[in-house]
Amino acid sequence: MNDKKLIFSGIQPTGTFTLGNYIGAVRNWGPLQDEYNCIYCVVDMHAITVRQDPAKLRQNTLNSYALLMACGIDPEKSILFIQSHVKTHAELNWILCCNTQFGELSRMTQFKDKSQKHPDDINAGLFTYPSLMAADILAYNADLVPVGVDQKQHLELARNVAQRFNQRYGDFFTVPEAYIPKVGAKVMSLQDPAKKMSKSDDNPNAVILILDDKDTIIRKFKRAVTDSEAEVVYREGKDGINNLMTIYSSVTGKDFAAIESEFAGKGYGDFKLAVGEAVADHLEPVRTEFARISQDKAFLKECYTAGAEKALKYSQRTLSKVYRKVGFVDAR
Ligand code: TRP
């Protein structure tokens with residue numbers, strides 16, 4: 001490899017991403033490929049910490065993989081793979097579990113939230129979820145990890161585990177840092193702009209999915225919650241309009257001042273329609289590319305098989321060294 005820094009990130013196999021996932025995260029991953037060595041992974045093993053329908057999980061994993069490619073991740077430039085295809089993640093997870101404290105896992109807010117949401121299935125995998133995430137990252141000695149705020153606590157835990165291992169066994173793991181993209185805005189719900197846009201929202205009108213068709217996108221924007229004024233300006237207290245302006249700005253590249261003058265004297269109806277059209281046009285190539293890639297099953301398989309091979313080769317080197325460090329007998 002070269003001396004570029006290494007970026008690792010994982011994404012849950014939800015099958016389709018929201019406009020929030022796209023603007024805040026995935027869209028920025030493609031451009032990183034030239035500046036960094038990038039490794040991206042669809043985390044199906046993390047997905048089963050909550051109950052999944054097996055057939056749907058399989059389909060959603062493949063769709064997520066194809067969608068990452070459609071969003072500009074090039075499997076020739078990056079290593080793009082499916083987590084369960086690379087056994088080193090599970091193997092390293094065990095070692096890291098033995099270096100993670102019960103107390104620190106108990107403090108994870110995501111564990112607390114998910115336990116509350118699924119009181120009938122508080123399984124051990126849900127509890128040790130952050131150790132597996134640490135294994136994903138540390139298996140490649142990643143320097144940087146692009147994560148949203150909701151994953152910061154998990155990344156902090158990965159750093160602590162790496163440091164603890166290094167203290168116990170001698171300096172070995174790179175202690176990863178969060179990567180905050182230069183551009184990348186937080187997208188809020190269209191129905192309650194105080195809340196983050198989330199796929200699990202009960203109200204489908206709150207969420208734009210990047211595979212939604214043009215009519216659906218425009219309809220959802222038309223219904224977006226705004227305020228009782230009639231001025232397209234970015235100002236405190238105008239959460240709905242601020243959110244629409246943020247979205248419009250991030251798909252057109254226009255700044256807020258330009259947007260304000262574009263819509264001076266116009267009503268919210270015109271503005272919402274313009275946002276809907278701009279978003280739909282911006283996502284059009286992603287939808288087309290997704291359709292092309294996902295119907296070519298042989299090509300898709302070639303990509304994820306090659307990705308898994310590269311990831312295995314890379315992470316196996318780390319794992320073998322870890323096995324020696326902890327005192328396992330050489331198998332060869
Ligand atoms: N837990 C992350 C999420 O839900 C996904 C993830 C798994 C991840 N492994 C990772 C993110 C490693 C960054 C690095 O979004």
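Please read all numbers here as calculations on a predicted model, not as lab measurements. Counting convention: from 1, in listed order, for ligands and their atoms alike.
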Part of Leu132 within contact of ligand 1 (heavy atoms, under 4.0 Å): neither
Gln151 N/O to ligand 1 N/O under 3.5 Å: yes
Residue-ligand contact His46/ligand 1, heavy atom below 4.0 Å: yes
Got the closest protein heavy atom to [atom], with its distance?
{"atom": "atom 10 (C) of ligand 1", "result": "Met133 CG, 3.5 Å"}
{"atom": "atom 5 (C) of ligand 1", "result": "Gly10 O, 3.6 Å"}
{"atom": "atom 9 (N) of ligand 1", "result": "Asp136 OD2, 2.7 Å"}
{"atom": "atom 1 (N) of ligand 1", "result": "Tyr129 OH, 2.7 Å"}
{"atom": "atom 12 (C) of ligand 1", "result": "Phe8 CE2, 3.5 Å"}

For Gln12, atoms of ligand 1 separated by under 4.0 Å from a heavy atom: 4 (O)
Ligand-side contact atoms (ligand 1) for residue partner Val145, heavy atom cut-off under 4.0 Å: 13 (C), 14 (C)
Counting N and O atoms only, with roles assigned by atom type, does the side chain of [X] sit under 3.5 Å from a partner on the main chain of [Y], one being a donor and the other an acceptor?
{"X": "His89", "Y": "Ala135", "value": "no"}
{"X": "Asp212", "Y": "Ile217", "value": "no"}
{"X": "Asp171", "Y": "Asn166", "value": "no"}
{"X": "Gln33", "Y": "Asp74", "value": "yes"}

Any Val322 side-chain heavy atom under 4.5 Å of Phe165 side chain: yes
Heavy-atom check, side chain of Met245 versus side chain of Phe271, under 4.5 Å: yes
Same apolar cluster: Leu211 and Ile218, side chain cutoff 4.5 Å: no
